[in-house]
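Some notes on the structure that comes next.
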Amino acid sequence: MAIKLEVSLDGITPEINSGVFPDGAVWLKVQGTLPKRVELMRIRACAMKNMDDFMLLAQLVEAIRHACDVRFSHLELPWLPYARQDRHMQAGDSFALKVFAMQLNTLGFDKVFVLDPHSEAAAAAINNLVAIPQEVCLQGSDTLVSALREGRLMLIAPDAGALKKIHLVAQATGASTFGILTKQRDVESGVLTGFALVAGDVAGKDVLIADDLCDAGGTFIGSAEVLRKAGARNVSLYVTHGLFSKGVAHLLNQGIDKIYTTTSIAPAEAAQQGVELIDIAPLFQAQEMKSC
């Protein structure tokens, strides 16, 4: 089980034990004596990936509410699972984000904080969602903020879908300009083709591709190749969520000079030379304070 659950009950942090029964069903137990009344139950569910992880979260909520009278409940969800399946794409497929959201909504959280959700459909599907946007997450890196503000890095949108977020990142950091790339993806096979720089002069510049998610990294390897052919001197990558399913070396060895990502779901082995990890804890703390 990859999920890491943390709970705070008005500042009290009880220990959580969990495991798997022989039949494959997951179990969870909250240790110690819990208070009778709780003003705020705050749960952070890191690296939630599947429905076993959801069941552990649901069991945690049920166990606490069985023992405590909870007035308000907040969920911090660094990574939103199923967000890439945010609509019906082909005949016979499912709107998996909607299915997951229906299950999550049964837990009745007063607020659900999510870092840079992949899809805008999340706000419609999940009750009481509070999105912590990409421009806020990126500003967790002082290195990036100063480089963008001082014009030492040029922002790059990897495709048209990233344009709205790139505009907001540029406004938040004071970046004066940005470039735009395009590509084509075959819906059935996932094969990427047609990488091209359609706006922006990158010749002789250090550039930063910014996006919400990196899985295998094909988009960014293809983008880096195009940017270097256009004269870019150095190509860095910011992604809020670094899955890195083929490892960070797969990117660093194929045109990406530096990677910046949050600790939302990045594997432990991502912490190495050439990678800056941005701590998610201050991002949630700041948003919780705004919501008080």
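- Phe54 and Leu129 fall within the same hydrophobic cluster, defined by Ile, Leu, Val, Met, Phe, Trp and Tyr side-chain heavy atoms under 4.5 Å apart, directly or through other members.
- A salt bridge links Lys4 with Glu6: the distance from a Lys NZ or Arg NE/NH1/NH2 to an Asp or Glu carboxylate oxygen falls below 4.0 Å.
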Requested in this report: Step by step, work out the side-chain contact (heavy atoms from CB on, under 4.5 Å) result for Leu153 and Val207.
Outcome: CA-CA 5 Å; Leu153 273 179; Val207 301; 5.8 Å; no
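- The shortest side-chain heavy-atom distance between Leu57 and Leu75 falls under the 4.5 Å cut-off.
- Residue Gln31 places its CD atom among more than 12 non-hydrogen atoms of other residues, nucleotides or ligands, all under 6.0 Å distant.
- Between Phe178 and His167, the ring-plane angle classifies as perpendicular under the 30° and 60° cut-offs.
- Put simply, the side chain of Cys137 does not reach to within 4.5 Å of the side chain of Ile280, judged on heavy atoms.
- Remark: the backbone N or O of Thr143 is paired with a side-chain donor or acceptor of Ser146 at under 3.5 angstrom.
- The two residues Glu276 and Ser141 make their nearest non-hydrogen contact at OE2-OG, 2.8 Å.
- A cation-pi geometry, defined here as NZ or CZ lying under 6.0 Å from the six-membered ring centre and within 45° of its normal, does not hold between Lys111 and Phe109.
- In this structure, Leu9 and Leu34 have side chains that are in contact, with non-hydrogen atoms separated by less than 4.5 Å.
- Between the His241 side chain and the Leu115 main chain, a donor and an acceptor come within less than 3.5 Å of each other.
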Requested in this report: Evaluate the criterion side-chain contact (heavy atoms from CB on, under 4.5 Å) for residue pair Glu225 and Ser223; output intermediate values, then yes/no.
Outcome: CA-CA 5 Å; Glu225 182 179 359; Ser223 297; over 6 Å; no
Query raised in the report: Step by step, would you call Thr173 with Glu135 a side chain to side chain donor-acceptor pair (under 3.5 Å)?
Result: CA-CA 8 Å; Thr173 60; Glu135 67 270 18; over 6 Å; no
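- Checking each of Gln287, His74, Glu76 against Val130 for a side chain to side chain contact (heavy atoms under 4.5 Å, CB included) leaves exactly one that passes, namely Gln287.
- In the hydrophobic clustering of ILVMFWY residues, with side-chain heavy atoms under 4.5 Å counting as a link, Val202 and Phe195 come out together.
- Looking only at distances, a side-chain donor or acceptor of Asp10 sits under 3.5 Å from a matching main-chain atom of Leu40.
- Contact record, Pro35 with Cys68: O-SG, 2.9 Å, taken as the closest heavy-atom pair.
- At least one side-chain heavy atom of Val239 sits less than 4.5 Å from a side-chain heavy atom of Phe220.
- Taking CG from Asp211 and CD1 from Ile156, the interatomic distance works out to 12.5 Å, rounded to the nearest 0.5 Å.
- Between Ala224 and Gly255, the closest heavy-atom pair is CB-O, 3.6 Å.
- In the hydrophobic clustering of ILVMFWY residues, with side-chain heavy atoms under 4.5 Å counting as a link, Phe284 and Val112 come out apart.
- Between the Gln59 side chain and the Val26 main chain, a donor and an acceptor come within less than 3.5 Å of each other.
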Report task. Assess whether side-chain contact (heavy atoms from CB on, under 4.5 Å) is satisfied between Leu80 and Phe100, documenting all intermediate values. Result -> CA-CA 10 Å; Leu80 177 61; Phe100 173 75; 3.8 Å; yes
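- Counting heavy atoms from C-beta outward, Trp27 and Asn17 have side chains that approach closer than 4.5 Å.
- Between Arg152 atom CZ and Leu144 atom CG the span is 10.0 Å, to the nearest 0.5 Å.
- The cluster map of Ile, Leu, Val, Met, Phe, Trp and Tyr, joined by side-chain heavy atoms under 4.5 Å apart, puts Val114 and Met102 in different clusters.
- At least one side-chain heavy atom of Trp79 sits under 4.5 Å from a side-chain heavy atom of Leu213.
- Heavy-atom minimum distance, Gly242 versus Thr261: N-OG1, 3.3 Å.
- For the atom pair Phe244 CZ and Leu252 CG, the distance stands at 8.5 Å (nearest 0.5 Å).
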**Report entry** Trace of the side-chain contact (heavy atoms from CB on, under 4.5 Å) decision for Glu288 with Phe113
**Finding:** CA-CA 9 Å; Glu288 288 272 10; Phe113 299 93; 3.5 Å; yes
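- When all heavy atoms of Leu97 and Pro81 are compared, the closest pair comes out as CD1-O, 4.2 Å.
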Report task. Show your working on side chain to side chain donor-acceptor pair (under 3.5 Å) between Ser73 and Arg65 and close with a plain yes or no. Result -> CA-CA 10 Å; Ser73 58; Arg65 287 182 175 153; 3.0 Å; yes
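- Salt-bridge check for Asp257 with Arg228: passed, with a basic side-chain N closer than 4.0 Å to an acidic carboxylate O.
- Atoms OH and CD, from Tyr82 and Gln103 in turn, are 10.0 Å apart once rounded to the nearest 0.5 Å.
- At least one side-chain heavy atom of Cys214 sits under 4.5 Å from a side-chain heavy atom of Leu251.
- For Ala230 against Leu197, the heavy-atom pair with the smallest separation is CB-CD2, 3.9 Å.
- Between Gln134 and Tyr238 the shortest side-chain heavy-atom distance falls below 4.5 Å.
- Leu28 contributes atom CG, which lies 10.0 Å from atom CE of Met55 (distance to the nearest 0.5 angstrom).
- A salt bridge links Lys165 with Asp116: at least one charged nitrogen is closer than 4.0 Å to a carboxylate oxygen.
- Put simply, the side chain of Lys290 never gets that close to the backbone of Ala286: no donor and acceptor are under 3.5 Å apart.
- Following chains of ILVMFWY side-chain contacts shorter than 4.5 Å, one cannot reach Ile209 starting from Leu155, and the two form parts of different hydrophobic clusters.
- Using modelled atom types, no side-chain atom of Ser8 and backbone atom of Arg42 make a donor-acceptor pair closer than 3.5 Å.
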Query - Chi angles and distances behind the side chain to side chain donor-acceptor pair (under 3.5 Å) call for Asp212, Thr240 - result: CA-CA 5 Å; Asp212 64 315; Thr240 305; over 6 Å; no
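- For the pair Asn105 (side chain) and Gly108 (backbone), a donor-acceptor distance under 3.5 Å is absent.
- The OH atom of Tyr260 sits 10.5 Å away from atom CG of Leu237, with the distance rounded to the nearest 0.5 Å.
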